[in-house]
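The structure appears below as structure tokens.
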Amino acid sequence: MATTCEVGCDAVDIINDPGAAPYGNFINYYTFNPPENRLSLMPESLLQDLGCSGGTTLLLDVGCNSGDLSVALYKHLVQQPECEEDRRKVHLLGFDLDESLIQRAQQSNPLPSSISFIPLDITKDSNQLQDYLNQHGCSHFHLCVCLAVTMWVHLNHGDSGLLQLLSRLASISQHLLLEAQPWKCYRSAARRLRKLGRSDFDHFKTLKIRGDIAEHAREHLERHCDMELIQSFGSTAWDRKLLLFKRR
């Protein structure tokens, strides 16, 4: 019997050629993993629970794809403000390395005064995130959401790339909501490439960080990034944990 992760990972094959999306930038991602799969686990009061009220609140969506989840997340967390001014205090920035996906996100954005999308490769040096923070007079994003991104960075940039990603996000965030793909999804991704007659991801066979990837991420964030795990929202339908970290 296939596991939920394998079903979720293999659902990609039905809609996209995984070889055409080596960074997870699938063109129809939200048709097989709709935003509700994650949002159903997050309380609508999350921003209030985290103390994000009374001033400007900045949200960051890492690897936002076509922006469907970014918009749904914003609407989920910013519930019917008492006045339009309250809504304008909450801003969300989504980024993805795929410029065509970002163009789709920009064109379909229903809240351009509150939600912005930019093309950005987080693994490369860039001042764009810091510029956004400066623009809004903030030193950190109040909540950074990184969902199903870690595996693609790990496979394409190795162990050091994964750890650098986590450190980078921790350095610019007060809270980090992380969904790391489990190791079985790495094997599924590599197997799909082999079925297509393609070679493995460059770093797959040399990775030393294996097994419980979410636990490895927790250990790095707590030992080296001055963050602590404060809550788990359970697991998605694809058996991936949603873990919330807070800067100490």
Side-chain angles (χ1 to χ4, degrees), residues 2-42 61-65 68-69 73 96-98 101 121-123 144-170 176-195 200-221 229 232-245:
T3 66
T4 42
C5 177
E6 289 168 335
V7 171
C9 291
D10 291 340
V12 175
D13 292 346
I14 300 173
I15 300 177
N16 297 287
D17 174 350
Y23 298 96
N25 50 322
F26 299 104
I27 59 173
N28 292 309
Y29 180 76
Y30 295 111
T31 63
F32 58 87
N33 192 12
E36 183 59 24
N37 284 358
R38 282 79 168 250
L39 298 184
S40 62
L41 300 175
M42 302 180 201
D61 186 7
V62 178
C64 65
N65 197 271
D68 298 45
L69 177 62
L73 175 68
D96 198 283
L97 54 69
D98 190 315
L101 289 174
D121 184 348
I122 189 65
T123 65
C144 172
V145 176
C146 182
L147 307 178
V149 172
T150 53
M151 179 181 75
W152 302 108
V153 173
H154 200 186
L155 286 171
N156 285 285
H157 299 279
D159 291 332
S160 62
L162 172 63
L163 299 181
Q164 288 169 11
L165 170 70
L166 295 172
S167 296
R168 171 70 169 142
L169 297 181
L176 172 61
L177 183 60
L178 184 68
E179 176 197 19
Q181 294 102 320
W183 183 251
K184 64 183 71 173
C185 286
Y186 286 64
R187 295 198 302 266
S188 294
R191 183 176 65 248
R192 290 197 304 269
L193 286 188
R194 288 194 295 271
K195 285 183 178 179
D200 275 336
F201 292 94
D202 290 343
H203 295 274
F204 178 63
K205 293 182 179 179
T206 61
L207 295 178
K208 294 182 179 179
I209 298 176
R210 295 172 175 244
D212 191 340
I213 303 298
E215 178 61 17
H216 284 297
R218 183 196 66 78
E219 290 180 358
H220 180 75
L221 289 168
L229 177 65
S232 171
F233 292 118
S235 298
T236 68
W238 288 7
D239 195 28
R240 300 174 183 176
K241 299 175 182 177
L242 279 183
L243 303 178
L244 181 63
F245 296 86

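Quick caveat, the model's predicted, so the values are computed rather than measured.
Between Cys144 and Leu169 the shortest heavy-atom distance is SG-CD2, 4.0 Å. The two atoms that bring Glu179 and Arg38 nearest to each other are OE1-NH2, 2.8 Å, heavy atoms only. Taking all atoms of both residues into account, the shortest heavy-atom contact from Leu177 to Leu147 is O-CD2, 4.1 Å. A pairwise comparison of heavy atoms in Asn156 and Phe201 identifies OD1-CD2, 4.2 Å as the closest pair. The minimum heavy-atom distance linking Val153 with Gly161 is given by the pair CG1-O, 3.6 Å. Residue Pro182 comes nearest to Asp239 through the heavy atom pair CG-O, 4.2 Å, listed as atom of the first residue, atom of the second, then distance.
Using a 4.5 Å cut-off on side-chain heavy atoms (C-beta onward), Tyr23 and Asp98 make no contact. Side-chain contact between Lys184 and Arg187 is present, with at least one heavy-atom pair separated by less than 4.5 Å. Gln181 has its side chain out of reach of Trp238: every pair of non-hydrogen atoms, C-beta onward, lies at least 4.5 Å apart. In this structure, the side chains of His154 and Asp159 come closer than 4.5 Å at one or more pairs of heavy atoms. Looking at Tyr186 and Leu207, their side chains come closer than 4.5 Å, going by heavy atoms from C-beta outward. Residues Asp61 and Asp96 fail the side-chain proximity criterion, which asks for heavy atoms closer than 4.5 Å. Between Leu163 and Ser160, the closest side-chain pair of non-hydrogen atoms is not below 4.5 Å.
Atom CG of Leu243 and atom CG of Leu178 lie 6.0 Å apart (nearest 0.5 Å). Atom-to-atom distance recorded for Ser232:OG and Arg218:CZ is 12.0 Å, nearest 0.5 angstrom. Remark: Asp68 CG to Leu73 CG distance equals 12.5 Å, nearest 0.5 Å. To the nearest 0.5 Å, atom SG of residue Cys64 and atom OH of residue Tyr29 are 12.5 Å apart. With rounding to the nearest 0.5 Å, the separation of NE2 in His157 from CD1 in Ile122 is 11.0 Å. Taking CD from Glu219 and NE2 from His216, the interatomic distance works out to 6.5 Å, rounded to the nearest 0.5 Å.
His220 pairs by the ring-ring contact (aromatic ring centres under 6.0 Å, His included) definition with His224, not counting sequence neighbours. Listed by chain and residue number, Thr123 satisfy the side chain to side chain donor-acceptor pair (under 3.5 Å) test with Asp121 (two or more places apart in sequence, or in another chain).
Using a 30° and 60° split on the angle between ring planes, Phe32 and Phe26 fall in the perpendicular class, above 60°.
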